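Counting convention: from 1, in listed order, for ligands and their atoms alike. This chain uses plain numbering: 1 for the first residue, then up along the sequence. Worth saying up front: this structure is predicted, and the values here are computed from it rather than measured.
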Amino acid sequence: MEWKLTVLCVCACLGTITAMQVTVTSEWKPDIGWELSCSWQLFSNDSLQSVRMYYNEQQFLIYRPEEDGDKRSGIYRRPEDMMTINCEETSDRGVTGTCELTMELYQPQKNSFTFACEASGERPTFRIERKAIVIEAFVPPTDAVVEVGSVNAESGRVMLNCTSSGVPAPNLVWTVGEQKVPRDFSGSFWNATSKLWHVWSVLSYTHSNEHPAVCTPETSKGSKVVQGEPAEYNSAGDVKDIKSILFAVLTSLLLLS
Ligand SMILES: *[C@@H]1O[C@H](CO)[C@@H](O)[C@H](O)[C@H]1NC(C)=O
Ligand SMILES: *[C@@H]1O[C@H](CO)[C@@H](O)[C@H](O)[C@H]1NC(C)=O
Ligand SMILES: *[C@@H]1O[C@H](CO)[C@@H](O)[C@H](O)[C@H]1NC(C)=O
């Protein structure tokens with residue numbers, strides 16, 4: 001660490017770098033989609049010839065300061081998303097700079113994709129550096145929320161509606177004690193505002209039960225299972241991470257039927 005810091009300092013002080021660098025990042029932005037960025041740093045005696053960006057190995061943008069000036073922005077629309085791009089030199093001759101991309105989703109993201117960025121220095125050497133990242137169609141499940149329906153006094157039954165959101169649509173797993181229990185009914189839809197799959201699952205729970213009902217959101221990522229924070233309801237009617245909202249006349253109708 002210390003050694004690295006020293007090297008960084010020495011390089012900064014001399015105003016040179018020991019390698020050309022390109023960095024790409026991705027971040028999920030709630031209610032928008034993906035925010036991608038590419039930043040570069042050339043040798044300090046070089047100048048920027050071009051920055052190229054690729055979606056699944058297909059070039060969709062080239063920024064060339066010689067033609068575009070020290071900034072370039074653009075908007076690319078597709079049926080599934082809208083990409084807003086801003087590229088900017090942040091030092092003389094484009095030795096450093098950044099392109100920022102916002103990918104607003106209009107449809108659920110189905111597949112992962114590759115985002116690559118390539119910066120090139122000027123003639124005669126045209127030094128090139130390239131980085132690529134894979135953006136998976138994955139957003140971890142949000143914490144479970146359980147809404148409590150009206151209680152049927154006679155049977156001591158209550159309808160619990162558990163919800164969570166994520167990409168792909170999370171599974172909602174109900175357990176009572178150690179036992180997994182099947183839901184009574186469930187549904188899901190893509191929320192065009194949050195850009196996430198919203199899922200819900202209803203369990204009818206009897207108050208005579210000694211164990212609490214726990215709802216855990218789960219999403220598979222490759223061979224791993226990613227869980228959201230569970231929510232719990234117990235027979236005393238105590239709630240943990242539960243919104244005590246009487247959800248709809250529908251529930252009472254269902255209980256009566
Ligand atoms: C620019 O700097 C690099 C690294 O310090 C060096 O290898 C290269 O020869 C220099 N190029 C010119 C044209 O001075
Ligand atoms: C459970 O909640 C979701 C909203 O989060 C709602 O769309 C669904 O209709 C509810 N289910 C029942 C049975 O009320
Ligand atoms: C969709 O998501 C937005 C924001 O994330 C939220 O405010 C809204 O209640 C959600 N709509 C439904 C129908 O769940």
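- Looking at Glu122 against ligand 1, nothing comes within 4.0 Å, counting heavy atoms.
- Taking every heavy atom of Phe43 and a limit of under 4.0 angstrom, the matching atoms of ligand 1 come to 3 (C), 4 (C).
- A disulfide is not assigned to Cys117 and Cys99, since their SG atoms are no nearer than 2.5 Å.
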Report all N/O contacts between ligand 3 and the protein shorter than 3.5 Å as a table of atom names and distances to 0.1 Å; if there are none, say 'none'.
residue  : atom   : partner : partner atom : Å
ligand 3 : 2 (O)  : Asn191  : OD1          : 3.3
ligand 3 : 2 (O)  : Asn191  : ND2          : 2.4
ligand 3 : 5 (O)  : Asp31   : OD1          : 3.1
ligand 3 : 11 (N) : Asn191  : ND2          : 2.8

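- Counting only residues at least two apart or in different chains, ring pair (Phe, Tyr, Trp, His ring centres under 6.0 Å) contacts with residues 56-105 are absent.
- Heavy atoms of Arg127 approach ligand 1 to within less than 4.0 angstrom.
- Taking Ile, Leu, Val, Met, Phe, Trp and Tyr as members and joining any whose side-chain heavy atoms lie under 4.5 Å apart, directly or through other members, Val225 forms no hydrophobic cluster with any other residue.
- Under a 4.0 Å N-O distance rule, the pair Arg78/Glu80 qualifies as a salt bridge.
- Listed by atom number, the atoms of ligand 2 under 4.0 Å from Asn161 heavy atoms are 1 (C), 2 (O), 3 (C), 8 (C), 10 (C), 11 (N), 12 (C), 14 (O).
- Residue pairs meeting the ring pair (Phe, Tyr, Trp, His ring centres under 6.0 Å) criterion with at least one partner in residues 81-113, sequence neighbours excluded, are Tyr55-Phe113.
- Residues Lys71 and Asn86 form no side-chain contact, since every pair of their non-hydrogen atoms from C-beta on lies 4.5 Å or further apart.
- Every atom of ligand 2 is numbered from 1 in the order shown, and the set under 4.0 Å from a heavy atom of Phe185 is 13 (C).
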Exercise for the section: Could you walk me through whether Gln227 and Glu218 pass side-chain hydrogen bond (donor to acceptor under 3.5 Å, both in side chains), step by step? Expected result: CA-CA 4 Å; Gln227 292 187 332; Glu218 292 186 351; 3.0 Å; yes
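- Ser164 pairs in a side-chain contact (heavy atoms from CB on, under 4.5 Å) with only one of the listed residues (Pro170, Ser201, Pro140), which is Pro170.
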